[in-house]
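Hydrogens, waters and symmetry mates play no part in the numbers below; they use all other heavy atoms, side chains included. For ligands, and for the atoms within them, numbers begin at 1 and follow the listed sequence. Please read these numbers as outputs of a predicted model, since none were measured by experiment. The residues of the chain are indexed from 1 along the displayed sequence.
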Amino acid sequence: MKKVVVVGSLNMDLVIEVDRIPKIGETIKGDEMSYLIGGKGSNQAVSACRLGNDVSMIGCVGNDTFGDKILKHLKEEGVNIDGIKCDEATFTGIATIFKTKEDNSIVVIPGANDFCNTDLIDENIETIKSADILIVQLEIPMETVEYALKIAKENGVKTILNPAPARKLSKEILKNADFITPNETEFEIIANKNFKDENELEESMIAWQAENPLTRLVVTRGKDGSSYVEGDEVETIKTIKVDVLDTTGAGDTFNGSLAHGVSHNLLISEAVAFAGTAASLSVTKFGAQTGMPKLEEVNKIYNKKK
Ligand code: RIB
């Protein structure tokens, strides 16, 4: 059992099902609304936990009903919640998700996630030091991300930075990230370029990887799979075919599962294939976390593909 520590966000997702995303200035009628537990941090923690890892989460919720529900849920999933602070002065993070059949758009109100500060990292430093791998995303303050990566790296803990939502990444951040896992849109922001086609994406990946040889770049590409650079070529691992119901949390499943693969010393090709299989399975159910697979479910398909 590997020790995974996730430093990141916890949100209540307000999922609004619509036929299409409204245009600016337009009012449309929605179909259904559901309250589901999410937040990139909490989703990644649950994903790694369902795969049988020993997962601890460090983050912040508000002292309200949503916070209580999230803590109860994570505990039931088996995630260690000792590192989650309940801040009296604020409210639990909320994500409003407009979900169509094909995709989704999300607006996040961080609330307590903005209080996930470096003091909280210091209070939980032993959890980070003793982990096999740390995962962090960008829905919490940047200085916390930077600090958590630094502590992990100094203590020989492997690190994955999921740069979502995307921002420019400093050299300081990158030097402590063993992996970064943007999707294509996020990679455009990181690389400071708009890709007209597949060729431009691949050229930018190769150039970025050459400039940052110590950080492994893995770009997630939805139904087109996931790509990484090997030598001076881009390798793409295709996804399995599934009936897509909800893509929310697919990237988070990928990251939680990549952490599983990397901490179990899989080769990059194996870890990416494993994570891609888990992410594909996750989109067959409604909600960010509902479809996150257990280890046996991923292995059934992943072992067959090998
Ligand atoms: O990655 C999906 C997640 O992004 C949602 O659960 C939502 O909370 C936002 O943080």
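Taking the side chain as every heavy atom from C-beta outward, Val15 and Met33 never approach each other to under 4.5 Å. Contact of the Ser227 side chain with the Met205 side chain is registered, since non-hydrogen atoms from C-beta on lie closer than 4.5 Å.
Note on ring orientation: taking the six-membered ring where Trp is involved, the planes of Phe274 and His260 are parallel (angle under 30°, cut-offs 30° and 60°).
Side-chain atoms of Asn162 and Thr181 form a donor-acceptor pair, as typed in the model, at a separation below 3.5 Å.
With respect to atom 3 (C) of ligand 1, the closest heavy atom belonging to the protein is Asn43 ND2, 3.7 Å. Considering only non-hydrogen protein atoms, atom 6 (O) of ligand 1 sits nearest to Asp13 OD2, 2.6 Å. Looking from atom 4 (O) of ligand 1 to the surrounding protein, the closest heavy atom is Lys40 NZ, 3.1 Å.
The shortest N/O to N/O separation between Gly39 and ligand 1 falls below 3.5 Å. The N/O atoms of Asp252, backbone and side chain alike, include one that comes under 3.5 Å of an N/O atom in ligand 1. Geometrically, ligand 1 and Ser9 share no nitrogen or oxygen pair separated by less than 3.5 Å.
If you number the atoms of ligand 1 from 1 as listed, the ones under 4.0 Å from a heavy atom of Gly38 come out as 6 (O), 8 (O). Ligand-side atoms of ligand 1 in range of Ala95: 7 (C), 8 (O), range being under 4.0 angstrom from any heavy atom. Heavy-atom proximity to Glu139, at under 4.0 Å, picks out these atoms of ligand 1: 4 (O), 9 (C), 10 (O).
Remark: Lys85 NZ is packed, more than 12 non-hydrogen atoms of other residues, nucleotides or ligands lying under 6.0 Å away.
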Run the side-chain donor-acceptor check on residues 121-128: report pairs under 3.5 Å with partners two or more places apart or on a different chain.
unit_1: Asp122; atom_1: OD1; unit_2: Tyr147; atom_2: OH; d: 2.5
unit_1: Asn124; atom_1: ND2; unit_2: Leu120; atom_2: O; d: 2.8

(request) Give the intermediate values and the outcome of salt bridge (Lys or Arg N to Asp or Glu O under 4.0 Å) for residues Glu32 and Lys99. (result) CA-CA 10 Å; Glu32 298 276 348; Lys99 181 199 158 325; over 6 Å; no
